[in-house]
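Chain letters run A, B, ... following the sequence lines, proteins first and then strands; every chain starts at 1.
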2 protein chains.
Amino acid sequence: MNIGEIARRAGVSRSTVSYALSGKRPVAAATRRRIQDVIDELGYRPNATARALKEGRTRTIGLVIPPAGNRLSHMQLDFVAAVVDAAARVDLDVLLSPSGGDHDRSFERLVSEGRVDGVIVMEIRLHDTRVDRLRQAGLPFVGIGHTADERAMCWIDVDYARLIGHSVRHLADLGHRKVALISRSKELVASGYGPALRAREGFTAAIAERGVRGVEVTCGDDARSGQESIEELLRAHPDLTAVTTINEAALPGIQRALADAGLAVPSDFSVTGVAARLWAEDFRPPLTAADVPALEMGEQAVSLLVQRIAEPGTPPRHILLAPPISLRSSTGAAPAVRG
Amino acid sequence: MNIGEIARRAGVSRSTVSYALSGKRPVAAATRRRIQDVIDELGYRPNATARALKEGRTRTIGLVIPPAGNRLSHMQLDFVAAVVDAAARVDLDVLLSPSGGDHDRSFERLVSEGRVDGVIVMEIRLHDTRVDRLRQAGLPFVGIGHTADERAMCWIDVDYARLIGHSVRHLADLGHRKVALISRSKELVASGYGPALRAREGFTAAIAERGVRGVEVTCGDDARSGQESIEELLRAHPDLTAVTTINEAALPGIQRALADAGLAVPSDFSVTGVAARLWAEDFRPPLTAADVPALEMGEQAVSLLVQRIAEPGTPPRHILLAPPISLRSSTGAAPAVRG
DNA sequence: TTGTATGCGTTATCAA
DNA sequence: TTGATAACGCATACAA
């Protein structure tokens with residue numbers, strides 16, 4: 001069933017049906033009614049493909065997610081859900097593309113076949129071939145995270161340097177003299193993953209500022225790795241009394257390893273970091289942490305993209321979020337003695 | 001840039017370019033080369049929208065996920081990832097639709113605007129209006145879970161009755177005399193959520209068969225609810241020594257509440273259930289559970305849908321999975337005394 | 001071996 | 001107030 005069928009049954013031309021639907025041209029009340037009756041009866045909806053071809057836009061955005069191999073973290077998941085929800089609210093559909101490498105057919109379809117009006121890219125690297133490709137294709141896009149040339153693209157990101165700096169100072173103020181940063185996986189850091197590098201910056205600066213000792217370790221994005229990281233840290237650094245992390249997925253392992261070592265949080269050992277709120281609250285005891293507002297970020301990313309699609313020429317906007325650290329129960333005064 | 005531009009630059013007609021691309025008509029080697037050179041130079045890819053309009057299919061499938069309000073469980077997440085991955089492997093794109101209620105614009109777009117060739121629907125209810133709508137629209141679809149009239153649709157599902165039955169018998173064999181089933185949320189159960197109802201069936205049958213006592217409770221899909229469920233169960237049933245569950249998201253809470261109550265797993269208390277494998281392995285101690293093969297299910301769902309799209313007339317196929325229970329460390333002999 | 005012409009379903013311009 | 005028609009970019013039947 002198509003617009004011609006509706007027109008035939010209502011005894012009008014196709015253009016009149018189209019105008020009755022869009023309201024872009026006045027249609028006599030009686031005619032409009034007749035058309036609407038037929039439409040209601042048949043349950044007609046204009047074909048999205050034909051409309052997209054004619055209008056030159058698809059009313060669809062692409063969301064490029066990390067490939068399924070590495071399972072998504074809660075934060076990433078929340079972000080996907082937020083994007084999909086925010087897009088639905090403005091009647092945009094979301095096309096998902098699991099994409100990591102360069103020779104990715106799904107991603108390539110997205111950017112070069114005109115399937116979407118714009119793209120949101122997650123997990124941006126400092127030098128990201130996907131960004132290069134999108135720029136070359138002239139497709140509007142928004143990054144979650146940004147490349148080395150900050151000003152050249154539109155992005156929304158979390159200020160990891162500042163947040164990790166905050167958390168280190170918080171720990172130092174509580175009397176901790178040696179603090180570890182549990183970062184993301186070795187591969188990710190090596191490939192130039194911005195958040196990890198900026199977390200290191202913030203860590204190093206705060207360590208120096210407060211004159212405490214610091215040790216940074218990489219850690220896979222899973223509980224097991226978190227557990228191993230803590231075990232190794234405790235072994236190598238008997239005087240360690242606190243960790244801060246940007247590795248959300250490692251938290252359950254961190255929790256376990258500390259329990260196994262007989263260390264109570266926060267009386268024997270403090271834990272803090274950057275994590276999605278629900279995740280922080282699920283920690284035991286509830287995690288003192290900067291709550292990454294994934295839902296808000298998703299919403300803002302969609303909003304930025306919609307603007308960018310509407311006015312591709314304007315200078316790219318950036319949003320750098322630095323949510324406050326919520327004091328919960330996982331940090332406390334440094335223990336007098338340990339080890 | 002379009003096919004006409006390529007044709008012009010290569011000095012051939014548009015149809016020749018089209019045939020050179022599709023290979024559906026022989027093209028002289030020299031001509032083909034000339035065309036390919038132009039295509040490579042300009043990076044041309046046929047417009048997906050125009051192709052879809054012409055061919056009458058979009059090479060896109062829809063994935064209807066639960067609305068973002070209730071955050072997705074790991075199992076659901078794994079499933080989404082699996083579907084997206086499996087679809088990408090056969091060059092299908094995936095359009096995401098967060099959809100719960102009936103008045104859902106996103107879902108309505110999916111079914112009535114010809115945006116997709118077929119749909120995969122998650123979290124099917126025994127009486128599901130979305131299924132009715134899809135059937136009415138004549139759009140091929142595959143359900144994860146099935147409606148009351150099993151034979152009327154194409155689905156893939158987990159045999160919760162059998163799996164929960166297994167786990168109860170396993171517990172009974174270990175000497176447990178009173179077992180609780182921790183189900184999904186009250187609302188979900190009330191709305192006729194198949195897995196919860198079938199889990200109940202299996203539970204009731206196995207309880208009766210082995211002559212043990214059973215108690216069933218509903219529980220929200222989050223850690224806090226899991227914790228509360230255990231606390232209440234322990235209070236109301238001091239003789240309870242084991243639980244089985246289909247509520248994956250409640251597991252961390254179950255774990256905590258037991259630890260808080262000073263109950264060691266499995267020496268004091270046994271826990272078992274149905275969960276995604278990685279989730280089960282993350283439990284502490286590793287969970288004796290039926291591992292829901294979410295990745296495999298996603299792959300199979302895509303495969304079923306592709307078949308269904310190709311041959312809409314064939315009788316609907318069903319796949320009922322009953323993965324074996326993996327013995328890990330969370331179940332053991334019933335304690336001699338408790339309470 | 002290649003070119004011409006038509007139509008997919010829509011929107012929008014031009015004409016009445 | 002409405003209708004006829006062109007065009008979006010492509011694939012393909014038909015012609016040469």
Do side-chain atoms of A:Asp132 reach the backbone of A:Arg135 as a donor and acceptor pair under 3.5 angstrom? no
Between the CD1 atom in A:Ile319 and the CD1 atom in A:Ile144, the distance rounded to the nearest 0.5 Å is 9.5 Å
Let me know the distance between CZ of A:Arg59 and C1' of C:dT10, rounded to the nearest Å. 12 Å
Are the charged groups of B:Arg105 and A:Asp91 less than 4.0 angstrom apart, N to O? yes
Suppose we call a contact any N or O donor and acceptor under 3.5 Å apart; does that hold for the side chain of A:Ser15 and the base of D:dG3? yes
Please list, for nucleotides 14-16 of chain C, all pairs of protein and nucleotide N/O atoms separated by less than 3.5 Å.
none

Less than 4.0 Å between a side-chain N and a carboxylate O, is that true for A:Arg184 and A:Glu123? yes
Over how many whole Å does the gap from A:Asn47 atom CG to C:dG9 atom C1' extend? 6 Å
Under the 3.5 angstrom rule, does the side chain of B:Asp157 hit a backbone N or O of B:Leu320 as a donor-acceptor pair? no
Within this structure, what is the CG-to-P distance between A:Leu53 and D:dC8, rounded to whole angstrom? 9 Å
Given C:dG9, is OP1 or OP2 found less than 4.0 Å from the side-chain N or O atoms of A:Asn2? yes
Would you indicate, yes or no, if C:dG3 has its OP1 or OP2 atom less than 4.0 angstrom from a side-chain nitrogen or oxygen of B:Thr16? yes
Any side-chain heavy-atom pair of B:Pro195 and B:Val158 under 4.5 Å: no
N or O in side chain of A:Ser18 less than 4.0 angstrom from C:dT11 OP1/OP2: yes
B:Thr31 vs C:dT2: side-chain N/O to OP1/OP2 distance below 4.0 Å: yes
Contact under 4.0 Å: A:Lys24 side-chain N or O vs C:dA12 OP1/OP2: yes
In whole Å, I'd like the distance from the CZ atom of A:Arg14 to the P atom of D:dA4. 10 Å
Take atom CZ of B:Arg33 as the centre, draw a 6.0 Å sphere, and report whether it contains more than 12 heavy atoms from other residues, nucleotides or ligands. no
Given C:dT10, is OP1 or OP2 found less than 4.0 Å from the side-chain N or O atoms of A:Tyr44? yes
